[in-house]
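See below for the structure under consideration.
Numbers here are sequence positions counted from 1.
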Amino acid sequence: MPLSQEAICIKPGSTVSKRVAVENRDESAWIRMKCEFICHDTNNELMELDKETLESLILMNMNTEDWVCKAGWGYYQKPLQKGDRTDIL
């Protein structure tokens with residue numbers, strides 16, 4: 001599913017909800033995906049945040065029943081058939 005490239009302004013203490021899933025448009029496949037968080041300051045300058053700072057700012061509630069996360073990658077636990085969609089990450 002295409003993600004929005006539109007930037008949004010998030011104030012401290014705000015909550016932003018993203019419901020991410022993968023749709024398979026080709027032959028049967030095992031799915032893995034990488035989640036990245038890119039932050040810009042109020043001047044639209046890229047903020048270089050270390051892992052500890054980023055983890056302190058972002059809480060990710062992940063579906064651990066259907067997905068496993070290893071080294072920044074999410075792995076779906078069953079093969080996905082053409083036309084099917086994963087459960088929400």
Can you find a heavy atom in the side chain of T86 that is under 4.5 Å from one in the side chain of L80? yes

Among pairs that include at least one residue of residues 39-49, which meet salt bridge (Lys or Arg N to Asp or Glu O under 4.0 Å), considering only residues two or more places apart or in two chains? none

salt_bridge(R85, E23) N-O dist < 4.0 Å: yes

Quick note, ring-ring contact (aromatic ring centres under 6.0 Å, His included) partners involving residues 68-89, not counting sequence neighbours, are W67-Y76

Member of N63, T64, V68 meeting the side chain to side chain contact (heavy atoms under 4.5 Å, CB included) criterion with D66: N63

Just how far is it from atom NZ of K82 to atom CZ of R25, taken to the nearest 0.5 Å? 11.5 Å

D87 side chain near K78 side chain, heavy-atom distance below 4.5 Å: yes

Would you name the heavy atoms of I88 and A21 that are closest together and state the gap between them? CD1-CB, 4.1 Å

Whether over 12 other heavy atoms sit under 6.0 Å from K34 NZ: yes

